[in-house]
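The next block holds one structure in the form of structure tokens; read it before the comments.
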Amino acid sequence: MNIKLSNGRVIPIEMHKVRIVQKTTLPPIGERLRAIEEGGYNTFLLRSRDIFIDMLTDSGTNAMSDNQLASMMVSDDAYAGGESYYKLLEAVKDVMGFDYCVPVHQGRAAEHLLGKIFVKPGDVIPMNYHFTTTKAHLEMAGGKVLEIYRDDALDTVSSNPFKGNLDIEKFKQVIEKYGPEHISFIRMEATTNLIGGQPFSMANLKEVKEVASRHDIPVVIDCSLVSENAYFIKRREKEYENASVEAIVREMMAQADMIYLSGRKSTCVRGGLIATNNPGYFETLKAWLPVYEGFITYGGMSSKEIEAMAVGLREMVDYDAASSSADLIEYFVTKMVERGIPAVTPPGGLAGHVDAIKFLPHIPQSEYPAGAMAAAIYLASGVRSMERGSISMDRDSEGNDVPADVELARMAVPRRVYTMSHIEYVVDRLDWLHQNRNLVKGLKFYHEPPVLRFFTGKLNALENWGRTLADAFKADFGSEC
Ligand SMILES: *Cc1c(COP(=O)(O)O)cnc(C)c1O
């Protein structure tokens, strides 16, 4: 929640008490250099013990509530018919309004099933923006992902409150060009993860629904970060300023024929689900579920996580929970902009992002500016961010690099984990890095996996720039921090 101080300053205030803590340490610069070199300049390959503030992702790293933890103790481990599943069903019905729910072990498992069942080879799947695992699964099923965002969605500096909107005109053209029978479904990602956690508006979603229903095209919403999207609708869409986050989520869900989610984000657990009111979809999903995930009442999740997800679903629509990360990110982004750091605006859900092309204009896309940026942030601060640029794109079928639309270093803000002083520190070190940006050079692969290479690929720092940067850091701060 944002709260106004008596001097007029607005700060994000924690609407929770911290009652369990995890110790963290700041490895000194020499250690950080060793760690990033060992990890092939890939922040995915760092170990937790080498990290001070972990902003790699908000996936599975959020703080759970006392009620979530308590619920795990009463979970029912029955292989079939477990009571935990029925609590999840009730929560899905109450919060989202769906009668049927299929649990899966995480978000990509839902995407795997949707691809397998609903995508025919040669189909197209239009969407506001892709997510890495979404694209991988839908294309493995023989489909083609079409991104039909509005022209300004990729502008990293913007005042458009809804950069996650789908372009309705382009959607109509896609229907005309491919024919509705070749469109598996239209997918709306609630806060577009890869372009900065930018939301879509309710008005846009309703238009999508209207056009889709005219052609019998199912609307699928990726609800992984639905609570943040709903919160932004409340904050940014006039008509909804007095609506509760809960009511907004319900209204969003009413536009969908099917939804799925990674429970690792908004619901603060580790798992996933697919939900629908369509009995036909449910029966088909249920038939495939035991092949890939597990029996319908657990679907590859532990019963403890199912219990906690039922609680997390109810809690995520609470204003304080839905705003917790979004408001801290707003503060983070505002501070970066104040210091002249090229942050992505407006602030989105999930993370603060830095535009690496603007931050490191001397590094060409073929030398992975976002990857270099993430490694440099780690060196300068012990903060782990994630490359979201060309390394996150796999090569095309001819083996060529595919330059990403945007090159971002993403600094995720897991829900209810970090505080304002952590954010102040991050901004300070980013500022230092910005002043020393010319020391940072590009990267080159020496180990490159063929699929989702960003996870385990290893790279070399051109001209050994990591050492130069570490030396500059030591000169300014000493070798102890
Ligand atoms: C995280 C995420 C996924 C994939 O979920 P996993 O639980 O990581 O498999 C899919 N879509 C979006 C929008 C996500 O944020």
Side-chain angles (χ1 to χ4, degrees), residues 44 55-62 102-116 119 125 127-141 145 147 149 153 163-166 185-200 205 219-232 249 252 256 258-275 292-294 299-302 305-306 308-309 312-313 316 322 325-326 329 348-351 353 386-388 392 408 410-415 451-452 454-456:
F44 273 100
M55 304 178 94
L56 183 74
T57 176
D58 64 330
S59 177
T61 55
N62 303 292
V102 174
V104 292
H105 81 272
Q106 65 183 85
R108 69 200 67 186
E111 291 166 338
H112 173 216
L113 286 172
L114 294 183
K116 185 112 205 140
V119 177
I125 311 97
M127 55 187 65
N128 53 347
Y129 208 75
H130 81 280
F131 185 70
T132 49
T133 54
T134 318
K135 193 172 162 122
H137 279 295
L138 302 185
E139 295 194 342
M140 277 194 307
V145 164
E147 292 170 302
Y149 43 80
K163 285 200 282 187
N165 279 356
L166 186 100
F185 50 81
I186 168 106
R187 171 179 174 276
M188 289 295 278
E189 188 172 303
T191 93
T192 44
N193 194 323
L194 296 192
I195 53 174
Q198 301 291 328
F200 55 74
L205 178 62
V219 175
V220 174
I221 305 181
D222 179 336
C223 285
S224 304
L225 293 100
V226 69
S227 60
E228 279 79 16
N229 201 114
Y231 173 64
F232 286 127
V249 167
M252 289 168 77
M258 189 159 40
I259 66 103
Y260 72 92
L261 57 84
S262 163
R264 303 172 63 89
K265 323 287 170 61
S266 283
T267 71
C268 301
V269 294
R270 288 135 300 246
L273 60 79
I274 306 173
Y292 294 107
E293 298 295 309
M301 282 176 76
S302 93
E305 300 282 349
I306 296 177
M309 188 189 255
L313 274 171
M316 75 176 185
S325 192
I329 291 164
L350 117 113
H353 298 74
M386 187 191 287
E387 191 269 2
R388 289 279 87 151
S392 295
L408 305 176
R410 180 183 95 174
M411 287 161 284
V413 179
R415 294 161 188 82
V451 191
L452 299 177
F454 64 92
F455 279 129
T456 54

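Atoms within each ligand, like the ligands themselves, are counted from 1 in listed order. In what follows, residues are counted from 1 in the order of the sequence shown. Every value quoted in this text rests on a predicted model; they were computed, and no experiment measured them.
Proximity of Leu114 to His137: side-chain heavy atoms (C-beta onward) are nowhere separated by under 4.5 Å.
Between Glu111 and Thr133, the side chains place a donor N or O and an acceptor N or O closer than 3.5 Å (distance only, hydrogens not considered).
Counting only distance, with no hydrogens or angles, the side chain of Ser325 and the backbone of Arg415 share no donor-acceptor pair below 3.5 Å.
In this structure His112 satisfies the side-chain hydrogen bond (donor to acceptor under 3.5 Å, both in side chains) test with no other residue, sequence neighbours excluded.
Under the 6.0 Å distance and 45° angle rule, Arg108 does not count as a cation-pi partner of Phe131.
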* To do: Let me see the working for Phe200 and Glu189 under side chain to side chain contact (heavy atoms under 4.5 Å, CB included), right down to the final yes or no.
  => CA-CA 8 Å; Phe200 55 74; Glu189 188 172 303; 5.8 Å; no
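Protein residues lining ligand 1, listed by chain and number: Gln106, Gly107, Arg108, Glu111, Phe131, Thr133, Glu189, Asn193, Asp222, Ser224, Leu225, Ser262, Arg264, Lys265 [non-hydrogen atoms, distance under 4.0 Å].
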